[in-house]
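What follows is a set of notes on a single structure, which appears directly below.
In what follows, every heavy atom counts, from backbone to side chain, and hydrogens, waters and symmetry copies are set aside.
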Amino acid sequence: MVVKIGIIKSGNIGTSPVIDLLLDERADRPNIDVRVFGSGAKMNPEQVEDVVPKLDQFNPDFAIFISPNPGAPGPAKAREILSEKGIPAIIIGDAPGKSKTDEMDEQGLGYIIVMSDPMIGAKREWLDPTEMAIFNADILKVLANTGALRLVQKTIDAVIEGAEADNIELPKLIITAEKAVAAAEFTNPYAKAKAIAAYEMAGAVANLDMKGCFMTKGYENFIPLVAAAHEMASAAASLAHEAREIEKANDTVLRTPHMKEGNLGYKNCLISKPE
């Protein structure tokens, strides 16, 4: 059986650019077929109302909707549409989505809330396309090196297995630092500590960017705040990289590639084959 997965990207969080790629990193996984529909950077209700119905063209076995703040007007509209369609659907969002988990439960939706996938410093006086790209690269490093993305991938893989058995169970997952590093399976305690620090620092980035973007008046006052937040993101990326480098030095980096049948392989020694 080939499981059909429809992914809707609306706006952007750090996880968004790679969500589909996590499921088929070598583009040869035989048991899934994925289509991605997007509304670009905007995530207002009008964009969502246009893009979500495009799922009907593909008739997926389940859908994923990924965006910032699942409680914002656009994502809230997407949740409403997906709930009405009756397609099994997973909402992937950042920390503000934690306050909407009860609503998602009532709507019959699954969710993955990535707590340290932070808001960007979106002030025109600060943010240009280059700064935006650097910030997202830093956050992607944090999410990858700490284990958060592996946990997202494994959680969706479990839904795929359920679809193959005609028994989809939607996830109810909030990714904390502890859950992220557990998925990374660090063997060195210093590597684990650095990864926890990186994940928590990335989460704190959102608070500072929120203060700079919405609570502080005057560019001379908010520019230092959003700049500081992006410096924190850069430092978090460095810490997360250091954690992986420790594991490299011990030859204990965990790798979980998808195998020929779509199942996960496992290895934590460089010169070896996954089992």
Side-chain angles (χ1 to χ4, degrees), residues 13-26 28-29 31-32 64 66 90 92 94-95 98 110-118 137-162 164 169-205 233 235-275:
I13 57 177
T15 307
S16 299
V18 296
I19 184 64
D20 47 321
L21 308 180
L22 293 175
L23 308 177
D24 195 8
E25 69 278 4
R26 296 182 64 249
D28 67 347
R29 188 173 179 182
N31 63 329
I32 64 170
I64 296 169
I66 184 166
I90 304 164
I92 301 180
D94 51 5
K98 185 178 180 181
Y111 53 82
I112 301 172
I113 305 299
V114 189
M115 293 300 292
S116 289
D117 196 336
D138 284 337
I139 297 306
L140 196 54
K141 280 189 175 183
V142 172
L143 298 176
N145 286 326
T146 61
L149 292 185
R150 175 173 284 122
L151 184 51
V152 170
Q153 166 241 308
K154 291 178 72 174
T155 301
I156 299 173
D157 277 348
V159 179
I160 293 169
E161 290 179 13
E164 290 176 321
E169 184 172 342
L170 296 174
K172 313 286 185 180
L173 175 63
I174 297 174
I175 301 181
T176 61
E178 292 79 7
K179 290 177 181 177
V181 299
E185 296 187 30
F186 291 103
T187 62
N188 184 286
Y190 285 103
K192 182 177 180 179
K194 284 177 180 287
I196 291 171
Y199 194 82
E200 295 289 1
M201 283 174 64
V205 168
S238 294
L239 265 178
H241 177 71
E242 288 172 15
R244 188 172 178 87
E245 289 300 305
I246 291 173
E247 294 290 312
K248 283 184 183 179
N250 294 337
D251 194 16
T252 53
V253 172
L254 174 64
R255 299 180 190 276
T256 54
H258 290 101
M259 306 297 281
K260 290 182 179 179
E261 300 304 318
N263 58 302
L264 277 187
Y266 184 103
K267 59 174 281 185
N268 62 353
C269 174
L270 180 60
I271 309 302
S272 65
K273 291 185 177 183
E275 299 179 356

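For the pair I156/I112, a side-chain contact is recorded, criterion being any heavy-atom separation below 4.5 Å from C-beta on. No side-chain heavy atom of V205 sits under 4.5 Å from any side-chain heavy atom of M201. The shortest distance between side-chain heavy atoms of L140 and L149 falls below 4.5 Å. With a 4.5 Å cut-off on side-chain heavy atoms, P274 and M259 count as touching. Residues Y199 and M115 meet the side-chain proximity criterion, which asks for heavy atoms closer than 4.5 Å. V18 has its side chain out of reach of L143: every pair of non-hydrogen atoms, C-beta onward, lies at least 4.5 Å apart.
In plain terms, the two heavy atoms of A202 and A236 that are nearest each other are N-CB, 4.2 Å. L151 and A183 make their closest contact through CB-CB, 3.9 Å (heavy atoms, listed as atom of the first residue, atom of the second, distance). Across every non-hydrogen atom of G14 and P17, the tightest pair is O-CD, 3.3 Å. Nearest heavy atom pair, residue T146 against residue A240, reads CG2-CB, 4.3 Å. Across all their heavy atoms, A148 and I175 have their closest contact at O-CD1, 4.0 Å. Closest heavy-atom contact between P171 and T155: CB-CG2, 3.4 Å.
Applying the side-chain hydrogen bond (donor to acceptor under 3.5 Å, both in side chains) test to pairs two or more places apart or on separate chains, those with a residue in residues 250-260 are E25-H258, R29-H258, R150-T256, D157-H258, T187-T252, E247-T252. Identified under the side-chain hydrogen bond (donor to acceptor under 3.5 Å, both in side chains) test for residues 264-275, with sequence neighbours left out: E185-Y266.
One distance of note links NE2 of H241 with CD1 of I246; it measures 10.5 Å at 0.5 Å rounding.
For the side-chain contact (heavy atoms from CB on, under 4.5 Å) test, residues two or more places apart in sequence or in another chain that qualify with S16 are N12, I13, I66.
K172 NZ: more than 12 foreign heavy atoms inside a 6.0 Å radius.
Within the 3.5 Å criterion, the main-chain N or O of I174 finds a donor-acceptor partner in the side chain of K179. Judged by distance alone, the side chain of N188 and the main-chain N or O of K192 form no donor-acceptor pair under 3.5 Å. A donor-acceptor pair is defined here as one N or O able to donate and one able to accept, closer than 3.5 Å; such a pair exists between the side chain of N145 and the backbone of K141.
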- Query: Hey, mind stepping through I139 and D117 against side chain to side chain contact (heavy atoms under 4.5 Å, CB included) and telling me if it holds?
  - Reply: CA-CA 7 Å; I139 297 306; D117 196 336; 3.8 Å; yes
